[in-house]
Amino acid sequence: MTPVALTIAGSDSSGGAGIQADLKSFAALGVYGASAITALTAQNTTGVSGIHPVPASFVTAQIDAVFSDLEVGAVKIGMVAQADTIAAIADGLRRWAPRHVVLDPVMVATSGDRLLAAEAVDALKVLLFPLASLITPNLPEVAALLNEPVASSEADVERQGKRLLAMGCRAVLVKGGHGHGAESIDYLIDAEHSVALAAPRIATANTHGTGCSLSSAIAAGLAKGESMETSVRNAKAWITQAIAEADRFAVGHGHGPVHHFHGYY
């Protein structure tokens, strides 16, 4: 059986993040990718100049079309834009009950542009967190979700991760890319334990789509039957190399994309 993953997210017209990054990640890791688009964005490597949400009813139609025909092994959720879209996604997930759901709570783009309406944050936590196998916030997103300062120690990260777990998700990956030091340390936290995953911090401005690609890589691993910890470890290693190879590209004038297909060319 061909492993299949579905991404439910926004479209990035410059191709480095969102749906486009998700499908590239799936393909690079040997998984067939399907998509349900929640919003169109006019964006490039320097910023987002426009967002056009897809009607919630059509998001539903896309989700139902995919699940009614394809054997979806895992779902990745990225940019959801607004509250009625979140409700439609939650209804679809409850209806089709996929085994694995990786939720990347995308709130702000790499460029600093807001991608989630402020009034939709509560809907994200109440409706989607309880359906998620894993959520993958970065340090500033964790702070925003909890209305707390950004964690400055491992103890703070673990405490904040436990607070997110209490909202209903089964596991949390707190991403350390916005931290400091020679290593970028992510923390995988579930009810039983916390695992620190370290990788060298790479000096590059080409990080557009990093969060999208990491969460998609985790979903790809789950679709192939890997355990959660194995999927996260493999995805961390893959995205680290994709960032390390990003400067081989010369794309755009801002934060360029990572190199999804570094294993091939």
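Contact record, L124 with P105: CD2-CB, 3.9 Å, taken as the closest heavy-atom pair. Contact detail for D156 and A151: the closest heavy-atom pair is CB-CB, 3.6 Å. In this structure, T136 and S215 approach most closely via the heavy-atom pair OG1-CB, 3.8 Å. Residues A123 and A83 approach most closely at CB-CB, 4.2 Å, considering heavy atoms. Taking both residues in full, the closest heavy atoms of G30 and P3 are given as O-CG, 3.7 Å, listed atom of the first, atom of the second, then distance. A223 and V31 make their closest contact through CB-CG1, 4.4 Å (heavy atoms, listed as atom of the first residue, atom of the second, distance).
Taking 4.5 Å as the limit, every side-chain heavy atom of P53 sits out of range of all side-chain heavy atoms of T85. No side-chain heavy atom of Q160 sits under 4.5 Å from any side-chain heavy atom of V174.
The closest donor-acceptor contact from the side chain of R163 to the backbone of V142 lies at 3.5 Å or more, if one exists at all. Under a 3.5 Å cut-off, the side chain of S133 and the backbone N or O of V101 do form a donor-acceptor pair. In terms of modelled atom types and a separation under 3.5 Å, the side chain of T41 and the main chain of S11 share a donor-acceptor contact. The backbone N or O of L146 lies less than 3.5 Å from no partner atom in the side chain of K125, so there is not a single donor-acceptor pair. Side-chain N or O atoms of T204 include one that pairs as donor or acceptor with a backbone N or O of N206 at under 3.5 Å. Of the possible donor and acceptor atoms, none in the side chain of K175 sits under 3.5 Å from a partner among the backbone N and O of L214. Judged by distance alone, with hydrogens and angles left aside, the side-chain atoms of K24 form no donor-acceptor pair with the main-chain N or O of I19 at under 3.5 Å. The backbone N or O of A205 lies less than 3.5 Å from a partner atom in the side chain of H255, making a donor-acceptor pair. Listed for the T38 side chain is a donor-acceptor partner under 3.5 Å among the backbone atoms of A9. Using modelled atom types, no side-chain atom of D64 and backbone atom of F67 make a donor-acceptor pair closer than 3.5 Å.
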Test side chain to side chain contact (heavy atoms under 4.5 Å, CB included) on I218 and L173; report intermediate values, then the result. CA-CA 11 Å; I218 296 169; L173 181 68; 3.8 Å; yes
Evaluate I89 against I63 for side chain to side chain contact (heavy atoms under 4.5 Å, CB included), listing each step before the verdict. CA-CA 8 Å; I89 295 168; I63 292 171; 4.3 Å; yes
Take V54 and Q62 through the side chain to side chain contact (heavy atoms under 4.5 Å, CB included) test and state the conclusion after the steps. CA-CA 11 Å; V54 172; Q62 294 175 81; 4.1 Å; yes
S194 vs E154, side chain to side chain contact (heavy atoms under 4.5 Å, CB included): CA-CA, chis, key distance, verdict: CA-CA 10 Å; S194 174; E154 182 174 340; 5.7 Å; no
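Expressed to the nearest 0.5 Å, how far CG of L128 lies from CD1 of I135 amounts to 10.5 Å. Between L29 atom CG and K224 atom NZ the span is 5.0 Å, to the nearest 0.5 Å. With values rounded to the nearest 0.5 angstrom, S231 atom OG is found 15.5 Å from K236 atom NZ. Taking CG of L6 as the start and CZ of F26 as the end, the distance is 7.5 Å to the nearest 0.5 Å. The structure places OG of S25 at 7.5 Å from NZ of K76, a figure rounded to the nearest 0.5 Å. To the nearest 0.5 Å, the span separating OG on S184 from CD1 on I243 amounts to 7.5 Å.
Aromatic ring pairs are classed by plane angle as parallel below 30°, tilted from 30° to 60° and perpendicular above 60°; the pair H259 and H262 is perpendicular.
By the 6.0 Å contact criterion, NE2 on H253 is open, its count of non-hydrogen atoms from other residues, nucleotides or ligands being 12 or less. Annotation: R95, atom CZ; neighbour count of heavy atoms from other residues, nucleotides and ligands within 6.0 Å is above 12. Within 6.0 Å of CD in E71 there are 12 or fewer heavy atoms belonging to other residues, nucleotides or ligands. Surrounding CZ of F58 are at most 12 heavy atoms belonging to other residues, nucleotides or ligands under 6.0 Å away.
Note on M167: it does not cluster hydrophobically with L188, by side-chain heavy-atom contacts below 4.5 Å among ILVMFWY residues. A continuous path of hydrophobic side-chain contacts links F129 to I8 [ILVMFWY only; heavy atoms under 4.5 Å]. Linking ILVMFWY side-chain heavy atoms closer than 4.5 Å, directly or via other members, places V126 and V121 in a single hydrophobic cluster. No continuous path of hydrophobic side-chain contacts links M228 to L131 [ILVMFWY only; heavy atoms under 4.5 Å]. Under the 4.5 Å side-chain heavy-atom criterion for ILVMFWY residues, a single connected hydrophobic cluster contains both V59 and L127.
Each of T46, D12, T45 was compared with H208 under the side chain to side chain donor-acceptor pair (under 3.5 Å) criterion, and only D12 meets it.
Between K162 and E158 there is no salt bridge, since no side-chain N of the basic residue sits under 4.0 Å from a carboxylate O of the acidic one.
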